[in-house]
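Read the structure below first, then the notes.
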Amino acid sequence: MSDTGSLLEVRDLVIRFSLRGRMLTAIRGASLSLAEGETLAIVGESGSGKSVLTKSFIGMLDQNGRIDSGSILFDGQDLAAFRGEEDWLPLRGKKIAMVFQDPMTSLNPLLTVGRQIREVIELHRGLSGRKAELATVEMLDKVGIVDPERRADQYPHEFSGGMRQRAVIAIAIACRPRILICDEPTTALDVTIQAQILGLIKALQRDFAFTTIYITHDLGVVANVADKVAVMYAGKIVETGTTEDIFYDARHPYTWALLSSLPQLGVKGSPLYSISGTPPSLFKEIKGDAFAPRNPHALKIDFEREPPMFTVSPTHRAATWLLDPRAPRVDPPEAIRAMREKYLGATI
């Protein structure tokens, strides 16, 4: 535990990449906390920094990337201070594991699925021989693979997409990690299989008592699985709160825009809402609020000074000048208000 009582505490993290002689700031002072047993969803457009942020938790940044400043406190250690593989090996997989979005790039096509699970068990749990084989079959059974003994001897190409994702999850949880990071775990799957995989992860979380971080741009996934949500934009977390806070009382204009883009909020016969403009270049220094050029509610100060995190409630914070007591009143879009009113009506 960190000294704040959180299982994982990220403070003012800055991550930069060197690309063709130029410096790109992928994470710009991100902060978040995660308690034992929670499920956190990190949401945002592609390129907002979700995967880069979480890869820094397991030392998987590309070689041209580095943590420039800030801290990642976990289990009494500052992971931002780790420098080599010898630091990461006791933690990666054993304490913090990751499920990637494309299982075919995570699985070795030349090794049987059972062999790949067994390698992890032998490395981190110290089992060998028949005990390792039995543990491998047990893990395949835990993730819902039918006839696990036979399937353990098959290769990834003999598995369907959903089964491959189950196998990748088995590898990730084989060492009983304390945190499981799921990077877009249902992106390549059809809707029915998506629901099965999300249900599986929730069931495994109950059985193995791990903490879960989801990386997704699908807010429908968030509504079904998360306790807390962190909204990212241009390498920075701009709003955090419980799932109810974010869906029914969002305060940042970027969160409003993401929610308004949900297909289920569209009106039949009308164009689906889309966010105008493009995210800023992270090669350049960003002045003010990064979302200001795309924000129809932007104030003059948004283009001049970056907003601090304002506290909405003990569980809810947002970095927008609209929460400053001096700011004019700006109502959320109609779709957001309708969703809030529907929720309030259902809870009365």
Side-chain angles (χ1 to χ4, degrees), residues 1-2 5-10 32-42 50-61 72-80 82 85-103 106-108 113-127 131-132 134-145 164-186 197-216 225-228 230:
M1 289 286 190
S2 74
S6 299
L7 175 61
L8 182 74
E9 184 85 18
V10 180
L32 63 82
S33 64
L34 187 63
E36 192 98 43
E38 280 186 329
T39 299
L40 169 71
I42 303 176
K50 305 182 299 294
S51 294
V52 171
L53 176 63
T54 51
K55 282 182 178 180
S56 70
F57 303 163
I58 52 174
M60 290 190 67
L61 294 177
I72 308 168
L73 304 177
F74 171 77
D75 206 20
Q77 298 175 294
D78 183 2
L79 309 187
F82 284 11
E85 282 296 296
E86 64 278 4
D87 293 324
W88 288 107
L89 282 176
L91 179 139
R92 186 192 298 136
K94 188 172 184 179
K95 295 184 179 180
I96 304 178
M98 194 164 191
V99 175
F100 295 95
Q101 59 181 291
D102 184 358
S106 303
L107 294 168
N108 187 331
V113 171
R115 168 77 181 278
Q116 294 179 65
I117 298 172
R118 191 167 66 248
E119 282 183 346
V120 176
I121 291 171
E122 290 172 345
L123 176 64
H124 291 295
R125 289 172 59 183
L127 300 179
K131 288 184 177 179
L134 290 173
T136 298
V137 172
E138 179 189 9
M139 292 314 304
L140 283 172
D141 183 57
K142 284 282 188 184
V143 298
I145 299 291
R164 285 194 291 266
Q165 192 63 287
R166 289 173 186 269
V168 170
I169 292 170
I171 293 172
I173 66 169
C175 299
R176 313 293 199 269
R178 295 179 66 189
I179 297 177
L180 180 68
I181 302 169
C182 301
D183 187 354
E184 302 277 9
T186 61
I197 294 298
L198 293 175
L200 170 65
I201 295 171
K202 288 178 73 173
L204 291 170
Q205 184 175 13
R206 288 193 298 269
D207 291 345
F208 293 99
F210 53 75
T211 300
T212 310
I213 300 174
Y214 283 93
I215 304 166
T216 183
V225 301
D227 303 315
K228 290 172 58 176

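Bear in mind that the values here come from a model prediction, so they are computed numbers and not experimental data.
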Where [X] and [Y] come nearest, the two heavy atoms and their spacing:
| X | Y | answer |
| --- | --- | --- |
| M139 | I121 | CG-CD1, 4.4 Å |
| A172 | V99 | CB-CG2, 3.7 Å |
| F100 | S106 | CB-OG, 3.5 Å |
| A174 | V120 | CB-CG1, 4.4 Å |

Kindly compute the distance separating [atom1] ([X]) from [atom2] ([Y]), expressed to the nearest 0.5 Å.
| X | Y | atom1 | atom2 | answer |
| --- | --- | --- | --- | --- |
| F210 | R178 | CZ | CZ | 14.0 Å |
| E38 | T211 | CD | OG1 | 7.5 Å |
| L8 | I213 | CG | CD1 | 5.5 Å |
| R164 | I169 | CZ | CD1 | 13.5 Å |
| I173 | L180 | CD1 | CG | 7.5 Å |
| R115 | I117 | CZ | CD1 | 13.0 Å |

Salt bridge between E138 and K142, side-chain N to carboxylate O under 4.0 Å? no

Just by distance, do the side chain of [X] and the backbone of [Y] share a donor-acceptor pair under 3.5 Å?
| X | Y | value |
| --- | --- | --- |
| R118 | A132 | no |
| D78 | L73 | no |
| R92 | I58 | yes |
| Q165 | P185 | yes |
| E122 | L127 | no |
| Q116 | L107 | no |
| R125 | R176 | no |
| K228 | S33 | yes |

After noting the C-alpha distance and the side-chain angles of I72 and F82, does the key distance pass the side-chain contact (heavy atoms from CB on, under 4.5 Å) rule? CA-CA 10 Å; I72 308 168; F82 284 11; over 6 Å; no

How would you list, by chain and number, every residue that makes a side chain to side chain donor-acceptor pair (under 3.5 Å) with E86, sequence neighbours excluded? none

Kindly indicate whether the side chain of M98, heavy atoms from C-beta on, has any atom under 4.5 Å from the side chain of I215. yes

Would you please test I201 and V225 for side-chain contact (heavy atoms from CB on, under 4.5 Å) and show each step? CA-CA 9 Å; I201 295 171; V225 301; over 6 Å; no

Among I171, L140, I145, find the one that has a side-chain contact (heavy atoms from CB on, under 4.5 Å) with V113. L140

Do you know which of L34, I179, V10 makes side-chain contact (heavy atoms from CB on, under 4.5 Å) with F57? V10

Show the numbers, then the answer: is there a side-chain contact (heavy atoms from CB on, under 4.5 Å) between F74 and I96? CA-CA 10 Å; F74 171 77; I96 304 178; 4.1 Å; yes

